[in-house]
Amino acid sequence: RGDPPIRHPPPMRAPHTHRGTVAAALSIALAVACGTDKAPGTAHPHVVLISLDTLRADHLGCYGYERATSPRMDALAKEGALFEEAFSPSSWTLPAHMTLLTGLPVGIHGACDDRLWTRVDSEGAVLPVPLRGTFVPEHLRAAGYATAGFYSWKYLEPQFGFGPGFDRYERLGHTFYSHPVVSRQFEELHAKGDTEALGRLAAEHPELFDDTRPSSSEAVERALGWIDEVRGETPERPFFCFLHLFDVHDPYQAPEPFHRRFANPDYDGPITGRNVMGAGTPVQ
């Protein structure tokens with residue numbers, strides 16, 4: 001079909017082409033040069049790539065949504081090019097982001113299996129993912145860019161093959177599954193079936209066991225700090241920053257004031273923000 005159509009403002013309502021909870025935000029990821037902001041003495045723009053995991057394009061103002069959900073993204077869309085049609089290569093985070101960062105279709109890069117997380121050799125060591133292609137940050141680093149990635153969920157871990165080309169690649173918003181210390185403690189206690197000790201572990205680290213705790217602010221602050229660091233230490237060097245945010249993913253229990261803004265106070269049905277996926281869900 002050739003290149004996807006692009007347009008400039010004024011925005012129009014986009015067609016509703018979404019299917020359920022699309023797990024990766026390739027269709028709405030923002031790859032933007034920061035205006036005309038370039039490293040001094042170079043022709044290379046600074047580049048920021050932001051992925052908002054599971055965010056629906058048709059719930060953004062720049063795509064015609066009636067509510068004021070995205071004022072900053074709407075402002076960005078007015079200043080640049082907005083793609084009317086963009087499609088994720090997959091329905092979930094891991095393969096879609098591998099395509100996003102390599103340009104390869106899922107059938108070529110092959111990273112489309114959660115079991116990659118548990119692959120080990122006979123000695124119990126983690127087996128590396130057989131990667132194909134070259135990552136965007138590898139190309140940019142070879143062109144002289146400083147590169148960093150900050151991500152907020154398991155499926156972008158190096159154990160799945162992510163990280164090549166980044167000078168810094170860091171996970172933010174840890175849970176008990178991903179924390180380098182607590183995760184091992186949890187697995188050991190879970191294997192023993194020691195529910196009392198698991199309860200104590202959860203009480204010691206409540207933030208790691210709270211699946212509704214926002215992580216975006218933590219990731220954004222770390223990314224901004226890195227950008228300030230690069231611009232302060234090597235102002236002549238262009239940078240590439242990849243930022244993956246996960247707060248809009250389920251469970252859909254938004255913090256205030258957003259919950260109050262969108263919830264129906266009179267609803268008393270069976271659907272909550274925690275039971276939208278999996279067997280037995282009331283969501284059809």
Side-chain angles (χ1 to χ4, degrees), residues 18 20-32 34 46-63 65 67-77 80 82-83 86 88-101 135-137 147-158 160 162-163 166 168-175 177-179 207-208 210-228 239-259 261-262 273 276-277:
H18 310 279
T21 54
V22 178
L26 180 58
S27 63
I28 50 83
L30 305 176
V32 298
C34 299
H46 302 303
V47 178
V48 178
L49 172 61
I50 303 174
S51 169
L52 305 175
D53 208 304
T54 73
L55 178 62
R56 290 173 57 122
D58 63 353
H59 277 56
L60 301 173
C62 54
Y63 282 99
Y65 194 52
R67 298 184 180 185
T69 56
S70 53
R72 290 177 177 81
M73 293 180 67
D74 298 344
L76 179 64
L82 180 69
F83 286 78
S88 174
S90 179
S91 62
W92 64 295
T93 302
L94 168 59
H97 281 83
M98 187 63 72
T99 294
L100 177 67
L101 291 173
F135 284 77
V136 168
T147 60
F150 303 94
Y151 63 101
S152 308
W153 192 242
K154 163 186 174 181
Y155 289 129
L156 278 87
E157 292 278 4
F160 287 111
F162 292 96
F166 287 110
R168 182 184 300 180
Y169 192 64
E170 185 176 351
R171 165 75 185 264
L172 282 306
H174 278 291
T175 69
Y177 274 123
S178 66
H179 193 277
E207 74 286 356
L208 298 181
D210 180 6
D211 58 4
T212 66
R213 177 174 62 94
S215 60
S216 292
S217 58
E218 184 180 352
V220 169
E221 287 300 317
R222 189 63 58 88
L224 291 175
W226 177 82
I227 290 173
D228 288 341
F239 64 77
F240 168 68
C241 184
F242 168 60
L243 181 61
H244 167 259
L245 306 177
F246 202 71
D247 284 350
V248 295
H249 194 284
D250 79 288
Y252 300 121
Q253 294 191 325
E256 296 296 356
F258 306 106
H259 177 76
R261 184 183 302 173
F262 294 101
V276 296
M277 296 180 66

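Numbers here are sequence positions counted from 1.
For the ring-ring contact (aromatic ring centres under 6.0 Å, His included) criterion with Y151, the lone passing option out of F160, Y169, F162, F246 is Y169. Applying the side chain to side chain contact (heavy atoms under 4.5 Å, CB included) test between D247 and each of S152, S215, S217 identifies S215 as the sole match.
The structure places NE2 of H244 at 5.0 Å from OG of S51, a figure rounded to the nearest 0.5 Å. Rounding to the nearest 0.5 Å places NE2 of H97 at 5.0 Å from CG of D53.
Scanning both residues, L60 and S70, for their nearest heavy atoms gives CA-OG, 3.5 Å. Residues G61 and T69 approach most closely at N-OG1, 4.1 Å, considering heavy atoms. Smallest separation of non-hydrogen atoms from A77 and L82: CB-CD1, 4.3 Å. Between L52 and L245, the closest heavy-atom pair is CD2-CD1, 3.5 Å.
Classified by interplanar angle (parallel below 30°, tilted 30° to 60°, perpendicular above 60°), the ring pair F240/F166 is parallel. Ring pair H174/H179 is perpendicular by interplanar angle, where above 60° counts as perpendicular and below 30° as parallel. The aromatic rings of Y155 and W92 stand perpendicular to each other, their planes meeting at an angle above 60°, with 30° marking the opposite boundary.
Under the 4.5 Å side-chain criterion, counting only non-hydrogen atoms from C-beta, Y65 is not in contact with R56.
Listed by chain and number, the residues in a side-chain hydrogen bond (donor to acceptor under 3.5 Å, both in side chains) with D250 amount to none (sequence neighbours excluded). By the side-chain hydrogen bond (donor to acceptor under 3.5 Å, both in side chains) test, E207 is found to be paired with no residue, residues two or more places apart in sequence or in another chain being considered. Under the rule for a side-chain hydrogen bond (donor to acceptor under 3.5 Å, both in side chains), the partners of R171 that lie at least two apart in sequence or sit in another chain are E157, S178.
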